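In what follows, a single structure is set out as structure tokens and then discussed.
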Amino acid sequence: MRTISELLERAAAQAVPVVRGIGDDDLSDATPCSDYDVRALLNHLFGVIANFRVLAAKEPVDFSRTPDVVEGDWRSRFEDETAHLVKAWAQPGAEEGVSGGMALPARTVGLMVLGDLTVHAWDLARATGQDYVPDAESVAEMEPWLAEMAPQARKMKVFGEPFPTAPGATAFERVLAGTGRDPGWSPSRR
């Protein structure tokens, strides 16, 4: 079993090129995450990364605000922020005990940010017409955890109702469907 920091590093390596490939003219495009256009989803993802970096240190966070950070050299900042996230989760004790503010096992919290980074990278890739192949080890680690957490996430309105999958669906297609996403989503099928 890989550490959260190792999994996050692998997921970030797949997400960073997607963010670098987003053009300024893509920012108002729809995403598979129906509550967000590309700009809003980027802001959300930046906020998630910042907050979960703090949670790795077992400190409380405030999820109530999402500042607009898509300005200046945000593409390079995304790479820097994911590197800081990986480093925070690599600190001794980051995966032990209970996280600050969320009262959940620290490894569960780490899997939450891994899920956000992986699934939202797919959202952004789909919205902007880019290829995206998630890290297979990250998906393998996320799939059983997500299946266990999905009912509570639906109650909290974090996930939509599960999307039906065809027999033979890949592990990542099952992960996407479990969050309420159509794995076949494209801008023309929204």
Side-chain angles (χ1 to χ4, degrees), residues 1-16 18 31-33 35-36 41 44-61 63 81-82 84-126 132-183 185:
M1 176 170 52
R2 290 200 182 265
T3 66
I4 293 296
S5 64
E6 290 170 326
L7 294 168
L8 286 170
E9 185 173 33
R10 294 169 71 94
Q14 302 303 105
V16 165
V18 170
T31 72
C33 195
D35 292 341
Y36 299 109
L41 187 56
H44 168 74
L45 188 53
F46 267 97
V48 164
I49 289 167
N51 282 325
F52 278 82
R53 185 178 64 235
V54 173
L55 287 168
K58 314 271 190 305
E59 296 176 15
V61 296
F63 284 103
E81 291 299 317
T82 57
H84 293 309
L85 177 70
V86 169
K87 185 176 178 181
W89 281 94
Q91 296 304 306
E95 288 190 49
E96 299 168 8
V98 175
S99 80
M102 293 189 88
L104 292 170
R107 185 160 177 92
T108 297
V109 173
L111 289 171
M112 290 169 76
V113 71
L114 178 66
D116 268 350
L117 183 58
T118 302
V119 171
H120 289 322
W122 177 85
D123 289 331
L124 291 167
R126 279 297 168 108
Y132 176 74
V133 177
D135 173 61
E137 287 188 54
S138 297
V139 172
E141 188 74 27
M142 284 185 318
E143 186 179 16
W145 163 81
L146 191 134
E148 181 182 324
M149 298 296 287
Q152 182 63 30
R154 283 187 197 93
K155 285 181 188 174
M156 296 173 65
K157 306 286 188 221
V158 176
F159 291 171
E161 289 303 312
F163 194 86
T165 56
T170 68
F172 190 54
E173 288 169 338
R174 291 189 301 269
V175 164
L176 293 171
T179 67
R181 286 166 173 77
D182 172 0
W185 189 95

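What you are looking at is a predicted structure, and each value in this text was computed from that prediction instead of being measured. Basis for what follows: all heavy atoms, side chains included, without hydrogens, waters or symmetry-related copies.
Applying the side-chain hydrogen bond (donor to acceptor under 3.5 Å, both in side chains) test to Thr108 and every residue at least two apart in sequence or in another chain returns nothing. A search for side-chain hydrogen bond (donor to acceptor under 3.5 Å, both in side chains) contacts involving Gln14 returns nothing, not counting sequence neighbours. Judged as a side-chain hydrogen bond (donor to acceptor under 3.5 Å, both in side chains), and not counting sequence neighbours, Glu9 has no contacts. Residues satisfying the salt bridge (charged side-chain N to carboxylate O under 4.0 Å, His left out) criterion with Arg10, sequence neighbours excluded, are Asp135, Glu137. Shown here are the side-chain contact (heavy atoms from CB on, under 4.5 Å) partners of Thr82, two or more places apart in sequence or in another chain: Ala12, Val16, Ile49, Phe78, Leu117. Among residues two or more places apart in sequence or in another chain, the side-chain contact (heavy atoms from CB on, under 4.5 Å) test is passed with Arg126 by Pro32, Trp122, Trp185. When the ring pair (Phe, Tyr, Trp, His ring centres under 6.0 Å) test is applied to Tyr132, no partner is found at least two apart in sequence or on another chain. The side-chain contact (heavy atoms from CB on, under 4.5 Å) check on Val61 picks up Asn51, Val54, Leu55, Phe63, with sequence neighbours excluded. Contacts of Ala169 classified as side-chain contact (heavy atoms from CB on, under 4.5 Å), with partners at least two apart in sequence or in another chain: Thr165, Glu173, Arg174.
Taking every heavy atom of both residues into account, Phe163 and Arg181 meet most closely at CB-O, 3.2 Å. Listed here is the closest heavy atom pair of Ser99 and Val109: OG-CG2, 3.3 Å. Nearest heavy atom pair, residue Asp123 against residue Thr31, reads O-CB, 4.4 Å. Of all heavy-atom pairs spanning Leu114 and Ser138, the tightest one is CD1-OG, 3.8 Å. Looking at every heavy atom in both residues, Gly178 comes nearest to Ala150 through O-CB, 4.2 Å.
Atoms CG and OG1, on Leu111 and Thr118 in that order, are 10.0 Å from each other to the nearest 0.5 Å. Note: His44 NE2 to Asp35 CG = 10.0 Å, rounded to the nearest 0.5 Å. With rounding to the nearest 0.5 Å, the separation of CG in Leu85 from CG in Leu8 is 5.0 Å.
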Enumerate donor-acceptor pairs with a distance under 3.5 Å from any side-chain N or O in residues 86-94 to protein atoms, sequence neighbours excluded.
{"unit_1": "Trp89", "atom_1": "NE1", "unit_2": "Phe52", "atom_2": "O", "d": "3.1"}
{"unit_1": "Gln91", "atom_1": "NE2", "unit_2": "Lys87", "atom_2": "O", "d": "3.2"}

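Residue pairs meeting the side chain to side chain donor-acceptor pair (under 3.5 Å) criterion with at least one partner in residues 154-163, sequence neighbours excluded, do not occur; the list is empty. The salt bridge (charged side-chain N to carboxylate O under 4.0 Å, His left out) pairs that include a residue from residues 90-118 are Glu95-Arg107, Arg107-Glu141, where partners are two or more places apart or lie in different chains.
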Would you please test Glu143 and Leu146 for side chain to side chain contact (heavy atoms under 4.5 Å, CB included) and show each step? CA-CA 5 Å; Glu143 186 179 16; Leu146 191 134; 5.9 Å; no

